[in-house]
Every structure is written in C-alpha cells, then in structure tokens.
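The chain is numbered in sequence order, starting from 1. None of these values were measured; they are calculated from a predicted model. Computation of the quantities below employed the complete heavy-atom set of this structure, encompassing side-chain atoms and omitting hydrogens, waters and symmetry-equivalent molecules.
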Amino acid sequence: MTDWARGVRRIAVLTGAGISTDSGIPDYRGPDGIWTRDPKLANLFTLDNFLTDPEIRQRFWQRYLTHPAWLAQPNPAHLALAGLSAGPAVRVLTQNIDGLHQRAGVPARKVLELHGSMHGAVCVGCAARTPTPAVLDRVRGGELDPSCVDCGGILKLGVILFGQQLDAEVIGQARTIAAASQVFLVVGSSLQVEPAASLCAVAVRAGAKLVVVNAAPTPYDEYATEVIREPIGVALPRICQALLAG
C-alpha cells in the first residue's frame, strides 16, 4: 500500500453502501442486503412504479418513516475520510443517500452525492423542494401519500430511483474529478451500478491508481493496483493515515 500512497495530492473516493453498514444501515447486494433478502422491495424504488401506483408510494413513505439512517452515526470509516479531507485535495463521490460523510466532518463542498439525498423531497410537477422530515411528519399525521403543498403534484424523495437518469451536471463533475485524481479509492461498493461504477474506468484511463476496498469481488478488481478485503472500518483508517503521511 505504501508505494501507491506516496506523494499523492489528488484523491477521489467513491463510496457505496458498504461504508455505512457499521453505522447500522444495511447494504443492498451483500449476503444480508436489502435486495438479497427481499428482491421484491426493488419495486418500491422503481420510478415508473412510484409515479403510477399510489400504493407503492404509500409503502415507500412508510418504509422511510423508520429508516435506520435517521438514527445512524458516522463510523470510523466515515471519520477517517473526514480526517483525510483536511489534508490533500480530496473529493468524496458517494452513491449513498444518508449524509453521513457530511455529518462526519467532510465539508459539503467536497462531497458529490451521485444518487441524491434522503434528507430532501422534490415535487415531480413543479420541482419545489421540501425537507424530508416535514414530509414524514405529514405521513405520521395520516397523509399516506403526501402531495406537493404548492401544486398538488407527486412528492418524491430526492434520490435516484431505478429507471431514472442521474443528474447530468453531477455525473459530469464526477467524471472530471475522477480523471484528475492520482488515486481513485473505491470503498464499500459492488461496482454493479452504472454510470457510477464506470468512474473507475475514467480514472484508470487518465492514469490514476485504482484501489478497491470491498468484501466481495467487483467487476473492476482486475484493473486495480490493490484490492483490499479487510473490514472497511479496519482498512480505511490505515489507508487514510498512509495517504496523509504521503
């Protein structure tokens, strides 16, 4: 690890669900993941289903009433990245919607939320934005399918659902950051979801060293300078310390 960590000034970190499991938030595709245990739950997170089926929307909002992320705290891996962000030029590109990187201390300007954030809701009609807790308060009050207070349109959590395109500006920024990095560090991502996973290829083509920290194999392991299978909470603090030491 010390060879690729020496003299690095520009670091991009792609984080997936695996970095938040130690905070009590289950991942999606792991052995005990959400989709693994109940593949039908994906129906709740498909854009067409959400927009056309009021029952799907009701089940969706009920699920987020008790989502473990509301009570989750940053774990040692989040804190290690926060410490790293105070040193070299670091950008965190996250597939997660939980906001734990920012809560750990990574400046918001250094975090790019590729798949959006669960902390805000948006109207699909007029694009008005509302803090998610305010929407959930309405659900608790009996509005099973809360609508936009401005135009009556469908309210949707501010996250990317299956069948929905990523924001073009966000993914464009992510590609620019990946191409400018000297080390592209992947943490806790299966690298099965595009276009986020293809950021690895963007970085490698531009000459970056790819380092993958994930319990299970990924499609990009063969391109990596190093693949680390240790628990993320153990490996990442050590990696961040090595990068800071340079």
Check whether any side-chain heavy atom of [X] sits under 4.5 Å from a side-chain heavy atom of [Y], and report yes or no.
X	Y	result
Tyr223	Cys200	no
Val149	Thr130	no
Arg229	Pro217	yes
Glu143	Val135	no
Arg175	Pro195	yes
Leu157	Tyr64	yes
Asn49	Phe162	no
Cys240	Leu81	yes

Least distance between heavy atoms, [X] atom then [Y] atom:
X	Y	result
Ala224	Val212	CB-CG2, 4.1 Å
Cys148	Cys123	CB-SG, 3.5 Å
Ala80	Pro237	CB-CA, 3.7 Å
Trp4	Thr225	CD1-CG2, 4.0 Å
Ser23	Asn75	OG-ND2, 3.0 Å
Ile228	Ala235	CG2-CB, 3.9 Å

*Salt bridge check: are Asp53 and Arg59 linked by an N-O gap of less than 4.0 Å?*
no
Applying a strict under-4.5 Å side-chain criterion to I, L, V, M, F, W and Y, I'd like to know whether [X] and [Y] cluster together.
X	Y	result
Ile19	Leu185	yes
Val13	Leu244	yes
Val106	Leu79	no
Leu112	Leu191	yes
Leu14	Ile171	yes

Is a side-chain N or O of [X] found less than 3.5 angstrom from the main chain of [Y], in a donor-acceptor match?
X	Y	value
Thr176	Gly172	yes
Arg103	His78	no
Thr21	Gly18	yes

Any chance you could measure [X], atom [atom1], to [Y], atom [atom2], to the nearest 0.5 Å?
X	Y	atom1	atom2	answer
Ile97	His67	CD1	NE2	5.5 Å
Asp98	Ser20	CG	OG	4.0 Å
Ile11	Arg91	CD1	CZ	11.0 Å
Leu51	Thr46	CG	OG1	10.5 Å
Leu93	Ser181	CG	OG	8.5 Å
Asp221	Asn214	CG	CG	7.5 Å

Those residues at least two apart in sequence (or on a different chain) that pass salt bridge (charged side-chain N to carboxylate O under 4.0 Å, His left out) with Asp145 are Arg57
Checklist line | Criterion side-chain contact (heavy atoms from CB on, under 4.5 Å) on Val139 and Gln62, from CA distance to verdict | finding: CA-CA 8 Å; Val139 175; Gln62 288 296 321; 3.5 Å; yes
Q.
A quick test of your reading: do over 12 heavy atoms of other residues, nucleotides or ligands sit less than 6.0 Å from CD of Glu194?
A. yes
| How about His119 and Trp70: are their ring centroids closer than 6.0 Å? | yes
Do Phe45 and Phe60 make the cut of ring centroids closer than 6.0 angstrom?
yes
(message) For Leu47 and Lys156: C-alpha separation, side-chain torsions, deciding distance, then whether side-chain contact (heavy atoms from CB on, under 4.5 Å) applies.
(response) CA-CA 9 Å; Leu47 182 63; Lys156 172 187 163 295; 4.1 Å; yes
With Glu113 as partner, the option from Gln102, Gln95, His101 fulfilling side chain to side chain donor-acceptor pair (under 3.5 Å) is Gln102
The residue among Val193, Leu161, Thr94 that forms side chain to side chain contact (heavy atoms under 4.5 Å, CB included) with His115 is Val193
